Amino acid sequence: MHKGQLSKVREILLEMKDNGVSPNRNTYNILVHGYCKLRWLKEAAEVVELIKANDMVPDIWTYTTIMRGLCEEGKVKEAISLRDDMESLRVMPDEVTYNTLIDGCFQWRGSVEAFKLVEKMKGKRVKPNAVTHNIMVKWYCKEGKMDEAGYVVAKMVESGFLPDCFTYNTMINGYCKAGNLGEAFMMKDEMGRKGIKMDTFTVNTIVHKLCVEKLLKEAYELTVKAAKRGYILDEVTYGTLIMGYFKNDQTNKALKLWDEMKEKGIIPSVVTYNTIIGGLLHFLKTDQAVDKLNELLDKGLAPDEATCNIIIHGFCWEGAVENSFLFYNRMVENSFKSDVITCNILLRGLCKHGMFEKAFNLFNTWIIKCKPVDAVTYNTLISVLCKEGKLDEAFDLIIEMEKKKLERDRYTYTAIVGALTHAGRTEEANKFMSKLLESCPNMISEDTSQMLGSGDMDYSEQISNFCTQGKYKEAMKLFQESEQKGVSLNISAYFMLMDVLLKRRKSISKESLSD
DNA sequence: CCTCAAGTAG
C-alpha cells in the first residue's frame with residue numbers, strides 16, 4: 001500500500017462513518033497492516049485504540065500484525081510484551097504469533113534468545129510448524145552454519161513437515177553464499193525430484209550468485225532463457241542484474257536494463273532504486289542519482305536506511321566526508337537508525353582521507369553506545385593501522401576481535417600479511433599467509449571461477465558434454481560421483497548443470513487461464 | 001485480513 005492509497009482508505013473510512021456504516025474489525029486490521037508497512041507504528045497503535053473504543057477486541061491478526069511492525073523496527077521487547085496483553089484479553093497467541101516473535105528475536109537478539117522463545121512456545125502447547133522451521137533454517141543460513149541448517153531440515157521432516165519452496169530456496173541461497181555451489185545444485189536437484197517447482201526466487205538466487213562471480217553474460221542469458229521458459233522476471237531479477245553490471249563497470253548496460261524494466265511496466269521498489277542510486281553515485285553521476293532519488297520520492301516510496309547509507313557512502317566516495325557527516329546527522333534527527341554499515345562507511349570515509357583520529361573517535365563512540373560492530377569495522381581499522389605501520393595496535397584490535405568472536409577473513413589477513421612483509425618480518429608473514437590459506441580456502445582469489453577452474457577437468461568436461469547432449473541423468477550421476485570424491489568442477493560445468501535443472505515451466509498465461 | 005525464501009551497503 002502506498003502512502004497515497006492509505007489516505008484514500010482513511011477517506012473511505014470517514015465516509016463509511018458518515019453514512020452510518022461502522023467499519024468492522026477486518027477493516028481496522030487492514031488499516032493496521034497498511035500503517036505497519038509504512039512503519040507508522042504510532043498510527044497503527046491508534047487504530048488498535050480505536051478498535052477498543054468501538055467496543056471491539058483486537059483479534060489475533062491485529063496483534064500479530066502490530067507485533068511484526070514492532071519487530072521490524074527492532075522493538076522486540078515491546079512486541080513480546082504485547083503477547084501478555086493479548087493473553088490477558090484471552091486472545092491466545094498461535095504459531096503465527098510465535099513465529100513472528102521468533103523471527104524478530106533472531107534478528108535483534110540473536111539465536112540464543114530466539115530458541116528460548118521456541119521452547120516457550122512449546123511450553124504453551126503451541127506446536128512449531130513448517131514456518132517455524134523455515135525461520136530457523138533462514139537464520140542458520142544467514143550465519144553461514146549450513147550444517148546446522150541441514151539438521152533443522154532433517155528435524156522438520158522428522159516432525160512431519162516436508163521441506164517446501166521456502167526451505168529449498170533458503171538452503172540454495174545459503175549454499176551459494178557459503179560458496180558451496182555443489183551443495184546448492186544438489187538442493188536444486190532434490191527440489192525437482194520432490195516435485196517442487198522452481199520459481200522466480202530460485203532463478204533470482206542463481207542470477208545473483210552468477211553476478212557476484214562476475215559471470216554477467218551467463219547471468220543475463222539465464223534470465224533470457226528463464227523468461228522463454230515461462231518464468232516471470234520481476235523487479236528483483238532486474239535489480240540484481242543492474243547491480244551486477246554496475247559492479248562489473250558496465251554502467252550503460254545497467255542503465256539500459258533499468259529502461260527495459262520500466263518499458264515492461266515492472267515497478268521498481270526502494271531496493272532497486274537504492275541499487276541504481278548507489279551505482280550512479282559510484283560512477284560519480286551525481287545528477288542522475290539525484291534524479292532517481294527524486295523519482296523514488298515522487299512515486300510515494302519511502303527511502304529507507306539503505307538509501308541513507310548509500311547516500312552517505314556516495315558523499316565519502318566523491319571525497320566530501322564533511323557532507324557525509326552533515327547528511328548523516330540530519331538523517332539521525334529524522335529518525336534514521338544508523339547501523340553497523342553506516343559506521344563502516346563513515347570509518348572508511350574518514351580513513352581514506354587520512355582522518356584517523358576522527359575514525360577512532362567514531363569507533364569508540366559506537367562501542368560506548370553499545371552499537372554493534374562487525375568484522376568489517378575491525379578490518380577497516382586494522383587495515384589503516386597496518387598501512388601506518390602501527391602493527392602492535394593492529395594486533396591489539398585482532399585480539400579484541402577474537403574476544404568478540406568476530407572471525408578474521410581475507411581482509412584481515414591480507415592487511416596483516418602486507419604489513420608484516422613490508423616490515424621485513426617475512427617469517428611471521430608466511431605464518432599468517434598459511435592461516436589465510438587454511439581458514440578461508442575459498443577466499444584466496446578474487447575470482448572463484450579461477451579456483452573452480454582448477455577442478456578436475458575430466459569430470460567438468462564430461463558433465464558439460466552430457467549436458468549439451470541433454471543427457472541429464474548421466475550428467476547428474478557424474479556430478480554426484482565428483483561430489484563424493486570431493487572433486488570440484490569448473491564453473492561452466494556448474495552452469496551447465498544448473499541450466500539443465502531449469503526445466504520448462506508451464507506458461508503462466510496458460511496457468512491463469514485454466515483457473 | 002497475521003508468520004518464513006531473492007536483490008541494496010566493505
Side-chain angles (χ1 to χ4, degrees), chain A residues 24-34 36 59-69 71 93-104 106 128-139 141-142 163-174 176-177 199-209 211-212 234-244 246-247 268-279 281-282 304-314 316-317 339-345 347-349 351-352 374-380 383 409 411:
Chain A
N24 63 13
R25 200 162 49 191
N26 296 352
T27 325
Y28 284 119
N29 283 345
I30 292 163
L31 201 53
V32 171
H33 191 87
C36 284
D59 63 5
I60 194 148
W61 286 295
T62 327
Y63 275 112
T64 306
T65 304
I66 210 146
M67 280 170 163
R68 174 155 190 253
C71 283
D94 64 359
E95 50 278 83
V96 181
T97 318
Y98 275 101
N99 288 341
T100 306
L101 292 174
I102 290 164
D103 197 33
F106 266 115
N129 63 7
V131 177
T132 321
H133 288 89
N134 285 340
I135 290 169
M136 296 190 278
V137 170
K138 172 180 83 173
W139 287 101
C141 286
K142 285 214 177 184
D164 58 14
C165 218
F166 282 87
T167 325
Y168 281 108
N169 283 336
T170 310
M171 289 296 284
I172 290 167
N173 186 42
C176 281
K177 289 258 159 69
D199 58 11
T200 305
F201 278 84
T202 330
V203 172
N204 289 345
T205 300
I206 306 299
V207 168
H208 180 250
K209 182 61 184 166
C211 284
V212 167
D234 64 6
E235 176 250 337
V236 179
T237 324
Y238 277 96
T240 308
L241 284 173
I242 289 168
M243 182 269 307
F246 271 128
K247 289 247 157 97
S269 69
V270 191
V271 181
T272 307
Y273 272 101
N274 287 343
T275 306
I276 195 139
I277 291 168
L281 289 176
H282 186 260
D304 60 9
E305 325 300 323
T307 322
C308 288
N309 284 336
I310 285 161
I311 294 169
I312 292 169
H313 185 242
C316 290
W317 181 249
D339 58 8
V340 60
I341 293 165
T342 324
C343 174
N344 294 339
I345 290 168
L347 282 181
R348 218 178 124 78
C351 290
K352 203 178 140 195
D374 64 7
V376 180
T377 321
Y378 279 96
N379 288 340
T380 309
S383 302
D409 57 21
Y411 292 93

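Every chain is numbered from 1, with letters handed out A, B, ... down the list of sequences. A quick note: this is a predicted structure, and the numbers were derived from the prediction, not measured.
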Nearest-angstrom distance from the residue atom CE of A:Met171 to C1' of B:dC4: 14 Å
Distance, rounded to the nearest Å, where A:Ile66 contributes CD1 and B:dC1 contributes P: 19 Å
Side chain of A:Thr100 (C-beta onward), nearest among B:dG10, B:dT8, B:dT3: B:dT3
Side chain A:Asn173, main chain A:Asn169, donor-acceptor under 3.5 Å: no
Between P of B:dA5 and CZ of A:Phe106, the distance in whole Å: 12 Å
Option among A:Asp339, A:Ile341, A:Asn344 that satisfies the side-chain contact (heavy atoms from CB on, under 4.5 Å) test with A:Asp374: A:Asn344
Under-4.0 Å side-chain N/O to phosphate OP1/OP2 contact, A:Lys138 with B:dC4: no
Is_stacked (A:Trp61, B:dC2) at 5.5 Å, 30 deg: no
salt_bridge(A:Lys138, A:Asp103) N-O dist < 4.0 Å: yes
Nearest-angstrom distance from the residue atom NZ of A:Lys142 to P of B:dT8: 11 Å
Contact under 4.0 Å: A:Arg348 side-chain N or O vs B:dA9 OP1/OP2: no
Closest to side chain of A:Ala306, choosing from B:dC4, B:dA6, B:dA9: B:dA9
Length of the line joining A:Ile172:CD1 and B:dC4:P, which is rounded to integer Å: 20 Å
Under the side-chain hydrogen bond (donor to acceptor under 3.5 Å, both in side chains) test, residues paired with A:Ser269 that sit two or more places apart: A:Glu235
Nearest listed nucleotide, side chain of A:Asn26, among B:dA6, B:dT3, B:dC1: B:dC1
Touch class at under 4.0 angstrom, heavy-atom based, for A:Asp339 against every strand present: nothing
From B:dA6, B:dC4, B:dT8, nucleotide with atom closest to A:Val131 side chain: B:dC4
Distance, rounded to the nearest Å, where A:Ile311 contributes CD1 and B:dA9 contributes C1': 12 Å
Residue A:Asn99, side-chain atoms from C-beta onward, closest of B:dG10, B:dT3, B:dT8: B:dT3
Candidate pair A:Asn274 and A:Asp304, rule side-chain hydrogen bond (donor to acceptor under 3.5 Å, both in side chains), full reasoning: CA-CA 9 Å; A:Asn274 287 343; A:Asp304 60 9; 3.1 Å; yes
Donor-acceptor under 3.5 Å (A:Asn204 side chain, A:Val207 main chain): no
Sugar-phosphate only, base, or nothing, as touched by A:Asp103 at under 4.0 Å among non-hydrogen atoms: sugar-phosphate
Sugar-phosphate, base or nothing in reach of A:Ser269, heavy atoms under 4.0 Å: base
Nearest listed nucleotide, side chain of A:Thr65, among B:dT8, B:dA6, B:dC2: B:dC2
Separation of B:dT3 P from A:Arg68 CZ (nearest whole Å): 5 Å
Touch class at under 4.0 angstrom, heavy-atom based, for A:Asn29 against every strand present: base
Touch class at under 4.0 angstrom, heavy-atom based, for A:Lys247 against every strand present: sugar-phosphate
Touch class at under 4.0 angstrom, heavy-atom based, for A:Glu235 against every strand present: base
Qualifying residues under side-chain hydrogen bond (donor to acceptor under 3.5 Å, both in side chains), relative to A:Thr97, sequence neighbours excluded: A:Thr64, A:Asp94
Shortest side-chain distance from A:Thr200, nucleotide among B:dA6, B:dG10, B:dT8: B:dA6
Shortest side-chain distance from A:His313, nucleotide among B:dA6, B:dA9, B:dC2: B:dA9
Closest to the A:Ile345 side chain, choosing from B:dA6, B:dG10, B:dC2: B:dG10
Sugar-phosphate, base or nothing in reach of A:Ile135, heavy atoms under 4.0 Å: sugar-phosphate
Among B:dA5, B:dC2, B:dT8, the nucleotide that comes nearest once only the side chain of A:Thr64 is considered: B:dC2
Spacing of A:Tyr238 atom OH relative to B:dT8 atom P, expressed in whole Å: 18 Å
